[in-house]
Amino acid sequence: MSAIVCSHVDKAYGATSVIRDLNLSIEEHEFVVFLGPSGCGKSTLLRMLAGLEDISGGEVSIGGKVVNDLDPGDRGIAMVFQNYALYPHMTIFENIAFGLKRQKVPAAEIRKRVEAVSRTLGLDPYLGRKPTELSGGQQQRVAIARAMIKTPKVFLFDEPLSNLDAKLRNHMRVEIARLHQALKTTTVYVTHDQLEAMTLADRIVLLKDGVIEQIGSPAEIYRRPGNLFVAGFIGTPNMNFIEATVSRAENGWTLNGARTVISIEGRGFDLQHGERAVLGIRPPDLKTASGDAGGNLLLGTADLIEFHGNDALVTFGSGGKEISALVPARECPELRAPVRYAFDEESIHLFDVSTGMSLRKRAN
Ligand SMILES: Nc1ncnc2c1ncn2[C@@H]1O[C@H](COP(=O)(O)OP(=O)(O)O)[C@@H](O)[C@H]1O
Ligand SMILES: [Mg+2]
């Protein structure tokens, strides 16, 4: 049985439609991330699962039960927000215990459960302190402990790390991943940060304007983006896009654009002679070409070099188009030097210029 099912879910505020006919099924123990740009409806969708937001149309079920009209407290979920307001006048122990105390759980049982949760999250040394005596990361862990202690069927997280500095964010991301490995509680996690999504998710649900653009494992979404939006959203540095005209050739196809002619066999794609397509190549898939290299090349002049440590991002103009290659730093060219980058057919992506849909043949 699926842990969560959204069936034709709609959400509108007055005349403004925010989520449109959304269908999604989340399996038990799964870690699903809702990813998308700010304003695409991630929080709204999560809050509908939590019962904090009415559902305008369709059905949400949790654990096989339709919850549309169920109060948040009766849904078996626990939610952690970006603004994890702790009660400042209470100790950490009291903050974590608060929900159980309200449910009139006996004191001895509360103590046992607070101690168990605190141990899991490394909070036991701080139980007697007040929230202001804790760092941001420790406070965030208290917020997670407060959710965990309810032993929910489902955890919902809404950008829980976005108020933390970069180092702490990385640290907490690892802790959340570990926690899920240990507890296996079904989790839905909202973020606009693709790195968080890629590292945490079993599956990513990529949203744009209240519509699902693609659902898949991080690797599927990275390697096989279904359309231009997904291709452009996922992957840092961003994928290069070059518009090209597709023509039939003797042993396959040629793509003509950005002052380069590319020959491909094209077996993986559905192509039409004469059509315009967008060729996508990720910067790390461009390799420095040796002097006499044949095959497919992009040529240009290096006009921006960003040193990253191990790698360097080389941006070069080619046929009026800016293209970036991520190369090992030792292969970094001089500024203004001519550059030549090669790539394999396996690494390219092709999209329909008007619909933005991938031209890759569907795997059967
Ligand atoms: N209470 C509300 N009334 C009207 N519009 C809202 C309300 N809450 C959110 N919205 C709109 O719904 C859209 C999605 O918002 P939200 O779910 O918060 O996006 P995200 O979490 O992806 O950034 C936004 O365009 C936002 O302006
Ligand atoms: Mg949000």
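Indexing begins at 1, ligand by ligand and atom by atom, following the structure's order.
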J.: Excluding sequence neighbours, so at least two apart, what forms side chain to side chain contact (heavy atoms under 4.5 Å, CB included) with P338?
T.: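 So P338 forms no side chain to side chain contact (heavy atoms under 4.5 Å, CB included) with any residue.
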J.: P225 and F351: which non-hydrogen atoms are nearest, and at how many Å?
T.: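 Scanning both residues, the minimum pair turns out to be O-CE2, 3.8 Å.
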J.: Kindly compute the distance separating CD1 (I281) from CD1 (I242), expressed to the nearest 0.5 Å.
T.: 5.0 Å
J.: Please report, to 0.1 Å, the donor-acceptor pairs under 3.5 Å made by any side chain of residues 323-333, with sequence neighbours excluded.
T.:
from : atom 1 : to   : atom 2 : distance (Å)
S324 : OG     : T315 : OG1    : 3.1
E331 : OE1    : T288 : OG1    : 2.6

J.: If you group Ile, Leu, Val, Met, Phe, Trp and Tyr whenever their side-chain heavy atoms sit less than 4.5 Å apart, what else falls in with L195?
T.: none
J.: Check each protein residue for a heavy atom under 4.0 Å from ligand 1 and list those that pass, ordered by chain and number.
T.: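 Residues Y13, V18, P37, S38, G39, C40, G41, K42, S43, T44 each place a heavy atom under 4.0 Å from ligand 1, listed by chain and number.
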J.: Quick one: are the ring centres of Y341 and F343 less than 6.0 Å apart?
T.: no
J.: Tell me whether S38 has at least one N, O or S atom under 2.8 Å from the Mg ion (ligand 2).
T.: no
